[in-house]
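Take a look at the structure below.
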Amino acid sequence: MIKRKIPAFDLHKICNSGQCFRMKPLGENRYGLTAFGEYLEMEQEGEVISFSCTGEEFSRRWEDYFDLYTDYEKMVHAVDQEDIYLTAAVRCGQGMRILRQELWEVIVSFIISQQNNIPRIRKCVESLCIQFGEEKEDFRGEKYYVFPTADVLARKNLEDFAICSLGYRAKYIWNTAKMVADGTVSLSKLTGMEYEAARTELMKLSGVGIKVAECICLFALHHVDAFPIDTHIRDMLTSHYPEGFPFERYQGYAGVLQQYAFYYELCGAE
DNA sequence: CACCAGGACGTTT
DNA sequence: AAACGTCATGGT
């Protein structure tokens, strides 16, 4: 158990921003997260966060995962002050981060996300982990389940996925798992690619179109210029930016602002 | 019972 | 190349 003082960091917003489906609230200001095969618990008291790991594990894994080296305030301050909407959105999302999540998990999670709502996406992802993921024990002896590998999913039969209630997405995931397992699409090559090359490569996968590819680029490969446009963002763009969103002004990090906007659309009223 | 949810895909205009 | 129907599932 370690404590760190981290300014401009809000676990509640990160948990509810719809980018990670394996982080869940445990109680007042407490959260649990499974990533990279490990289980982490966190508790936030103002700017001080407790993490259930050693300092060595924190600097080796979680600093990077939570993107602590990026200066978000700098991007927030660069927002056009005459832009009423964006100014309100970044204010609302104060403490947001773009996580650096695992590529395979994000690919599958966002295939599941299509025509689906966030609570049910969480259920589907958790179900996949419980059914097919490796079982481990956390620091207090409780069981948790790692996200299943592409190899494991590729070896299953399509009918095996029925228990996860994935609907028509099961076939997408199965086909995608086989493409990754047999090397048709290489995860390690994707990691080294530029944004647009990675996006094109990702769209070779079954069930991955432009929107899901952009999400994978943003939430796993950390191409923060990726700007996924879903139904909420599309509605937002037509109502607040009928003349077009100023992508040129925010070139290189527009995706971060997209995430503020997405959170604002979902939780702005709370 | 109708409608919707962080879309993708094959087919028809 | 743009519009259209379809694809399952669970929630409201």
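The structure presented is a predicted model; accordingly, all values stated were derived computationally and were not measured.
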Answer yes or no: is there a side-chain heavy-atom contact under 4.5 Å between [X] and [Y]?
X	Y	answer
A:Tyr145	A:Leu128	no
A:Cys20	A:Ile14	no
A:Asp67	A:Leu99	no

Sugar-phosphate, base or nothing in reach of [X], heavy atoms under 4.0 Å:
X	result
A:Leu166	nothing
A:Glu214	nothing
A:Phe161	nothing
A:Ser127	nothing
A:Gly207	sugar-phosphate

Exercise. Is the shortest distance from a Lys or Arg side-chain nitrogen in A:Asp230 or A:Lys211 to a carboxylate oxygen in the other one below 4.0 Å?
Worked result: no

Problem set entry | NZ/NE/NH1/NH2 to OD/OE distance under 4.0 Å, A:Arg22 and A:Glu102 | no

Problem set entry | Identified side-chain contact (heavy atoms from CB on, under 4.5 Å) partner of A:Ile6 from the options A:Ile49, A:Leu11, A:Val48 | A:Ile49

Problem set entry | Matching residue for A:Asn16 among A:Gln19, A:His12, A:Lys13 - test: side chain to side chain donor-acceptor pair (under 3.5 Å) | A:His12

For this session: When you get a sec, tell me which of C:dG10, C:dC7, B:dG6 is the closest nucleotide to the side chain of A:Tyr168?
Result: C:dC7

Exercise. Can you tell which of C:dG11, B:dG6, C:dG10 lies closest to the side chain of A:Lys123?
Worked result: C:dG11

Write out a two-atom table: protein N or O, nucleotide N or O from nucleotides 2-6 of chain C, distance below 3.5 Å.
none

What's the [atom1]-[atom2] distance between [X] and [N], to the nearest Å?
X	N	atom1	atom2	answer
A:Leu205	B:dC9	CG	C1'	15 Å
A:Arg199	B:dG7	CZ	P	17 Å
A:Arg120	C:dA8	CZ	P	13 Å
A:Asn116	C:dT12	CG	P	13 Å
A:Ile210	B:dC9	CD1	C1'	15 Å
A:Leu158	C:dA8	CG	C1'	12 Å
A:Asn117	C:dG10	CG	P	12 Å
A:Arg234	B:dA5	CZ	C1'	16 Å

Exercise. Counting only non-hydrogen atoms, which of residues 89-115 of chain A are less than 4.0 Å from DNA chain B?
Worked result: A:Phe110, A:Ser113, A:Gln114, A:Gln115

Problem set entry | Any A:Thr231 side-chain N or O less than 4.0 Å from OP1/OP2 of B:dG7 | yes

Problem set entry | C:dG10 phosphate, OP1 or OP2, under 4.0 Å from A:Ser165 side-chain N/O | yes

Exercise. If you pin A:Val208 and A:Pro228 to their nearest nucleotides in DNA chain B, which one's is more 5'?
Worked result: A:Pro228

Problem set entry | Approximate separation, where rounding is to 0.5 Å, of A:Lys178 NZ and A:Leu153 CG | 11.5 Å

Problem set entry | Straight-line distance of A:Leu190 CG to A:Ile107 CD1, nearest 0.5 Å | 6.5 Å

For this session: Look at the rings of A:Tyr39 and A:Phe139 and say which category their plane angle falls in: under 30° parallel, 30 to 60° tilted, over 60° perpendicular.
Result: parallel

Exercise. Can you say whether the rings of A:Phe147 and A:Trp104 are parallel (under 30°), tilted (30 to 60°) or perpendicular (over 60°)?
Worked result: perpendicular

Seminar exercise, completed: Residues of residues 169-180 of chain A with a heavy atom under 4.0 Å from any atom of DNA chain C, listed by number, are A:Arg169

Exercise. Taking atom C1' in both C:dA2 and B:dG6, what distance in whole Å separates the two?
Worked result: 23 Å

Exercise. What distance, rounded to whole Å, do you find between the two P atoms, one in C:dA8 and one in B:dT11?
Worked result: 15 Å

Exercise. So, A:Asp182 and A:Thr184: side-chain donor and acceptor under 3.5 Å apart, yes or no?
Worked result: yes

Exercise. How far apart are the C-alpha atoms of A:Glu126 and A:Arg122, what are their side-chain angles, what is the distance that settles it, and do they pass the salt bridge (charged side-chain N to carboxylate O under 4.0 Å, His left out) test?
Worked result: CA-CA 6 Å; A:Glu126 182 177 11; A:Arg122 290 180 177 279; over 6 Å; no

